[in-house]
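The structure appears right after this line, and notes come after that.
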Amino acid sequence: MAAELIERRNHNLGSLFTSERASFYVTILYRMLLFKRDHELEPLYEDIHQAVLQPLGLRGDVEYSADRFRSDLDQLANWNLVSSRIEKQRLRGYRDNRKRKFRFRLSDEAASLLHWLEEKLQDDLEERSNDARDLLGEVRGTLAELLRLLHGLRLKEEGQEDSARRIIFQLGKADDLSQAITEGLIDLNGRLLAFLLRRYEAAEVRIILNELQNYVDVFLKQAFSLRQEIVPLLHRLQRNTMQERLAFAFTVMKKERLLAPHLLQVRRESSGLAIPERLNRFFADHGGLDHLLQRINEASLQVWQKLRSHLQELERKNHRLEDLRNRIGEIAGLDESVVPVHFFEKLFSCGQGYFDKNYWDNLEKADPPQPTRRVSKKEKVLRAYLKPKKKTTGPIQSMDEARLADLEEWITAKVLKPPATGQVGKGDFSEFADFPRIMELAKAGIFDDGKRLARINLLLRAEEQSEELSFAACRLDLPTLSIEKAGEKK
């Protein structure tokens, strides 16, 4: 998804901001947007030039000349932020190459960017945010109007394009309002959490606490009551009869759009039928709206607790300063020969750092240290020994000798035939366990010149021809191997 967002956009929009002449470029583009709002979609070159001279004027000591304007406009055209075409009525011959015969059009992406810049500037100048309670009331009215239009819609009748268009508009409006409610509640939660990062004076804290307690309490109650009124309307909208009429409205609008596909464009045509279910998930109990209101409630509690404790701390410090100020006034009123020794001892004691956690002092003695415990030399360290092995009556045999004995027994049973010779490929094999034995035989007879196999008096010979062994649903390709007793010829 992220790759498609990047791939389908004009990457030169970033160059517009990072360029040294960004203010000139934006001024030209914004003036073309104003032309577009005045229904002049393709203004002439000289009209744009005359329009930008007044806002740009002089930049320092350098005049904004016609050559500089031509260079800036050409750069915007190279970035595909504007497009141009020739005004045919102004051509006076094939040698006429004057710039003023061109008309320029603002691209859609550049216009969208300028709209976004306008909104952000407006937000910087004055805070603009819709109250979620007003939006919830608007959703309630929109759903009621939508249900009224659906009740009046007649299935399988002609000439209901107006009703179908209004139904789809009301449905899309409810969806947009739910998105606006989500954004508004998230912004409110962010403003609440921002109070946790600031420092306040005592008077300001009292004002904020009163506003927080009144506003959040009233806000949450009203939002909850409005949600309770919206939920029954959504249940009615999800009935089968309403869904059929809603699908019929989309069908009617699709037919009308096909008559003028370049003029009528419906963004919600593919996903419009899923809007009622999405709205129900948002406004239902324990849905998206409930989670947002719960987060606002938790954030308000955190802010209230923090500000309350901060206010108490400010009041405590103020009381301490007042006490010190009164005491200083008392000392200033004493006679010159009177020295308040005890007062100064208590006053400066907090700065001397009496932070010793031990309880003893000059009067009370500390407990004597306890003697350390010594380990007796008579105590023995416990040692763990291996368990004794079981004794057998046979001769002592290593693990390798035992494996060779098992291999010899297998070779005698499966491969060797009288008179003590045989080929591995003609052995009597029937199970999968014979494959590891064949590999073990090959390693013992080939590696290290067959010294390991010679320990059981056997010799293995490998020829250039290859053969295939197939049994137990498995197959093994190997060279032709013959085995015989050591000292005997094949």
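Since the model is a prediction, treat every value here as computed from it, not as a measurement.
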Give the intermediate values and the outcome of side chain to side chain contact (heavy atoms under 4.5 Å, CB included) for residues Val139 and Leu135.
-> CA-CA 6 Å; Val139 171; Leu135 297 177; 5.5 Å; no
Worked check of salt bridge (charged side-chain N to carboxylate O under 4.0 Å, His left out) between Glu40 and Arg103 = CA-CA 11 Å; Glu40 182 63 47; Arg103 288 188 177 272; 3.5 Å; yes
Gln238 and Gln243: side-chain hydrogen bond (donor to acceptor under 3.5 Å, both in side chains), yes or no, with the steps?
-> CA-CA 6 Å; Gln238 287 188 300; Gln243 290 294 314; over 6 Å; no
Would you sort out whether Asp38 and Lys36 count as a salt bridge (charged side-chain N to carboxylate O under 4.0 Å, His left out), showing the intermediate values?
-> CA-CA 5 Å; Asp38 292 337; Lys36 185 177 181 180; over 6 Å; no
Asp74/Ser71 under side chain to side chain contact (heavy atoms under 4.5 Å, CB included): CA gap, chis, key distance, verdict | CA-CA 5 Å; Asp74 290 341; Ser71 176; 5.7 Å; no
Check against side chain to side chain contact (heavy atoms under 4.5 Å, CB included), Arg31 and Leu29 | CA-CA 5 Å; Arg31 193 61 188 86; Leu29 293 176; over 6 Å; no
Any chance you could lay out the side chain to side chain contact (heavy atoms under 4.5 Å, CB included) test for Leu289 and Leu293, step after step, and finish with the verdict?
-> CA-CA 6 Å; Leu289 182 59; Leu293 295 178; 4.2 Å; yes
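When side chains are defined from C-beta on, Ile167 does not count as touching Phe250, because their heavy atoms never get closer than 4.5 Å. Under the 4.5 Å side-chain criterion, counting only non-hydrogen atoms from C-beta, Arg148 is not in contact with Gln170. Between Leu13 and Trp79 the shortest side-chain heavy-atom distance does not fall below 4.5 Å. Two residues are said to be in side-chain contact when any heavy atoms from C-beta on lie closer than 4.5 Å; Leu292 and Phe282 meet this criterion. In this structure, the side chains of Leu117 and Lys120 stay at 4.5 Å or more apart for every pair of heavy atoms. Under the 4.5 Å side-chain criterion, counting only non-hydrogen atoms from C-beta, Glu42 is not in contact with Phe104. Put simply, the side chain of Leu246 does not reach to within 4.5 Å of the side chain of Leu153, judged on heavy atoms. The shortest distance between side-chain heavy atoms of Leu226 and Glu229 falls below 4.5 Å.
The nearest pair of heavy atoms linking Leu136 to Ile230 is O-CD1, 3.5 Å. Val218 approaches Arg133 most closely through the heavy-atom pair CG1-NH1, 4.0 Å. Ile275 and Leu171 get closest at one heavy-atom pair: CG2-CD1, 3.7 Å. Shortest non-hydrogen contact noted between Ala164 and Ala249 is CB-O, 3.6 Å. Taking both residues in full, the closest heavy atoms of Leu33 and Ala111 are given as CD1-CB, 4.4 Å, listed atom of the first, atom of the second, then distance. Here the closest heavy-atom approach between residue Pro436 and residue Ala433 is recorded as CD-O, 3.2 Å.
The local environment of CZ in Phe432 is sparse, with at most 12 non-hydrogen atoms from other residues, nucleotides or ligands closer than 6.0 Å. Within 6.0 Å of CZ in Arg295 there are 12 or fewer heavy atoms belonging to other residues, nucleotides or ligands. Residue Glu20 places its CD atom among 12 or fewer non-hydrogen atoms of other residues, nucleotides or ligands, all under 6.0 Å distant. Crowding of Asn240 atom CG: a count of heavy atoms from other residues, nucleotides or ligands under 6.0 Å not exceeding 12. In this structure, His286 places its NE2 atom where only 12 or fewer heavy-atom neighbours from other residues, nucleotides or ligands lie under 6.0 Å away.
For the atom pair Asp176 CG and Phe169 CZ, the distance stands at 9.0 Å (nearest 0.5 Å). To the nearest 0.5 Å, atom CZ of residue Arg475 and atom CD of residue Glu468 are 4.5 Å apart. Here the OG-CG distance, from Ser107 to Leu76, works out to 9.5 Å after rounding to the nearest 0.5 Å. Note that the CD1 atom of Ile186 and the CD1 atom of Ile181 stand 12.0 Å from one another [nearest 0.5 Å]. Rounding to the nearest 0.5 Å places CD1 of Ile28 at 9.5 Å from OG of Ser23. Taking CD of Glu277 as the reference point, atom CG of Leu237 lies at 10.5 Å (rounded to 0.5 Å).
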Below 3.5 Å, can you tabulate the donor-acceptor pairs from side chains in residues 363-370 to any protein atom, sequence neighbours excluded?
from	atom 1	to	atom 2	distance (Å)
Asp367	OD1	Tyr359	OH	3.4
Asp367	OD2	Tyr359	OH	3.0

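The main-chain N or O of Leu150 is found under 3.5 Å from a side-chain atom of Arg245 such that the two form a donor-acceptor pair. The closest donor-acceptor contact from the side chain of Arg105 to the backbone of Ser83 lies at 3.5 Å or more, if one exists at all. Side chain of Ser112 to main chain of Asp108: a donor-acceptor pair is present (N/O by atom type, distance under 3.5 Å, no hydrogens or angles). With hydrogens and angles disregarded, no donor-acceptor distance shorter than 3.5 Å links the side chain of Ser19 to the backbone of Leu16. In this structure, the side chain of Asn280 does not engage the main chain of Pro276 through any donor-acceptor pair within 3.5 Å.
Taking 4.0 Å as the cut-off between side-chain N and carboxylate O, Glu118 and Arg37 count as a salt-bridged pair. Contact check on Glu440 versus Arg437 returns a salt bridge, with a Lys/Arg side-chain nitrogen under 4.0 Å from an Asp/Glu carboxylate oxygen. Salt bridge annotation for Arg70-Asp67: present, with a cationic side-chain nitrogen under 4.0 angstrom from a carboxylate oxygen.
In this structure Asp335 satisfies the salt bridge (Lys or Arg N to Asp or Glu O under 4.0 Å) test with no other residue, sequence neighbours excluded. When the side-chain hydrogen bond (donor to acceptor under 3.5 Å, both in side chains) test is applied to Tyr25, no partner is found at least two apart in sequence or on another chain. In this structure, the salt bridge (Lys or Arg N to Asp or Glu O under 4.0 Å) partners of Arg227, at least two apart in sequence or on a different chain, are Asp285, Asp290. By the salt bridge (Lys or Arg N to Asp or Glu O under 4.0 Å) test, Asp162 pairs with Arg165, sequence neighbours left out. Residues satisfying the salt bridge (Lys or Arg N to Asp or Glu O under 4.0 Å) criterion with Arg166, sequence neighbours excluded, are Glu145.
Ring pair Phe69/Tyr45: centre-to-centre distance below 6.0 Å. Within the 6.0 Å centre-distance limit, the rings of Phe471 and Phe435 are counted as a close aromatic pair.
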